[in-house]
Protein chains: 2
Amino acid sequence: MKLSNTNQRRIIIEELRNLYTHPTADELYVIVREKLPQISLGTVYRNLELLADAGKVLKLELSGKQKRFDGNVNKHFHMRCRACGRIEDMHADKMSEIDRNLNDLVDKLKVDGYRLELNGLCNKCRAEEE
Amino acid sequence: MKLSNTNQRRIIIEELRNLYTHPTADELYVIVREKLPQISLGTVYRNLELLADAGKVLKLELSGKQKRFDGNVNKHFHMRCRACGRIEDMHADKMSEIDRNLNDLVDKLKVDGYRLELNGLCNKCRAEEE
DNA sequence: ATGAATCTAGTAATGATTCCTATTATTTCA
DNA sequence: TGAAATAATAGGAATCATTACTAGATTCAT
């Protein structure tokens, strides 16, 4: 099925790409409503699903009961902060080395791929701890 | 809070340890009911939670909407089969090497730990594909 | 054995997500 | 351009995994 160009869809993807918080569908709904007050939550869910299928956004199946979404489709890792629960991106400088490590792993185990969630302290909570 | 020794709890943990299927709470409920026909689903949920807190079973937060449980608390990986959805254990012979790889990763990223889900074909589906 | 602590079955409530439907918007191409 | 065809929407209902509640039963520590 071909995706139409609707206002709702355009604004959903636009707002998601402006965020670095990996919002849940309902969090994004609140934000999108500032631009489109009559949009429905179902529309947000449906579009996030379709956009994820089309590879335009990432659907994150991390721990926790709600799914989260990411407008950044470039390869990177996610860390859940053990203090506040926020999801933080890990744009490691050592990315290529880590990537090599994990590809080795996939190779050795003869599998297709992996899903990795890191656990630790986000920058904010680390700062507060000191 | 100290855990009492109830029939229900004993049989739940016993049955879980006999399984290698990483059952959901409701799947385990069906099995436990063969021994305790009047047990309630809530009891299964509550006990799995308590046993996980006590480190006696593992609560797996993998992708998919239902949580799964594992009576094997030794360190190992899980793979979700892309064909049938089953969760299979990865008791890699190369475990120690993999473990080293991942500990390096944690070290480099300065995080506390990780949660890894592998994706691939389980033994059964691989056999059927041939 | 007994009082305190813990647990149970059964049921209700919750909350994230999906489904449904009548209506509206977008696309296609004659 | 302007129908007809396709896809999308708002709003609300339904689903389903999980958690919460409660009165009565079991287990524990002494």
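Chain letters run A, B, ... following the sequence lines, proteins first, then strands; residues in each count from 1.
The CZ atom of A/F69 sits 7 Å away from the P atom of C/dT17 (whole-angstrom rounding). If you take NZ of B/K59 and P of D/dA17, they are 16 Å apart, rounded to a whole angstrom. For the pair A/L60 CG and C/dA16 C1', the interatomic distance rounds to 16 Å; values are reported in whole Å. Regarding A/Y29, its OH atom lies at a distance of 16 Å from the P atom of C/dT18, rounded to whole Å. Regarding B/E61, its CD atom lies at a distance of 16 Å from the P atom of D/dA17, rounded to whole Å. Atom CG of B/N47 and atom P of C/dT6 are 14 Å apart (whole Å). Atom CG in B/L50 sits about 6 Å away from atom P in C/dC7, given to the nearest Å. We find that CD1 of A/I11 is positioned 16 Å from P of D/dA8, with the value rounded to whole Å.
Considering only side-chain N and O atoms, A/Q66 lies under 4.0 angstrom from the phosphate OP1 or OP2 of C/dA16. Taking 4.0 angstrom as the limit, B/Y45 places none of its side-chain polar atoms (N or O) nearer than this to OP1 or OP2 of D/dT19.
Using modelled atom types and a 3.5 Å distance limit, the side chains of A/N123 and A/R126 yield no donor-acceptor pair. Of the N and O atoms on the side chains of B/R9 and B/N47, at least one donor lies less than 3.5 Å from an acceptor on the other residue. A donor-acceptor contact under 3.5 angstrom links the side chains of B/T43 and B/R46, judged on distance only.
For B/R68 and B/E27, the salt-bridge test passes: some basic side-chain N is under 4.0 Å from an acidic carboxylate O. A salt bridge links A/E117 with A/R80: at least one charged nitrogen is closer than 4.0 Å to a carboxylate oxygen.
Residue B/D26 is out of contact with every strand shown, counting any heavy-atom pair closer than 4.0 Å. Contact annotation for A/R46: base contact, defined as any heavy-atom pair under 4.0 Å involving a base atom.
With D/dA17, C/dC7, D/dT19 as the candidates, the nucleotide lying closest to the side chain of B/E49 is D/dT19.
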Each nucleotide of nucleotides 24-30 of chain D classed B (base within 4.0 Å of a protein heavy atom), S (only sugar-phosphate) or -, in 5' to 3' order, makes ---SSS-
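In terms of hydrophobic clustering, with Ile, Leu, Val, Met, Phe, Trp and Tyr side chains grouped at heavy-atom distances under 4.5 Å, B/L60 and A/L62 are assigned to different clusters.
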Would A/R115 and A/E61 count as a salt bridge (charged side-chain N to carboxylate O under 4.0 Å, His left out) if you check the C-alpha gap in whole Å, the side-chain angles of each, and the deciding distance to 0.1 Å?
-> CA-CA 9 Å; A/R115 217 163 50 74; A/E61 307 214 29; over 6 Å; no
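Positionally, the nearest nucleotide of DNA chain C for B/I39 lies more toward the 5' end than for the other of B/K65 and B/I39.
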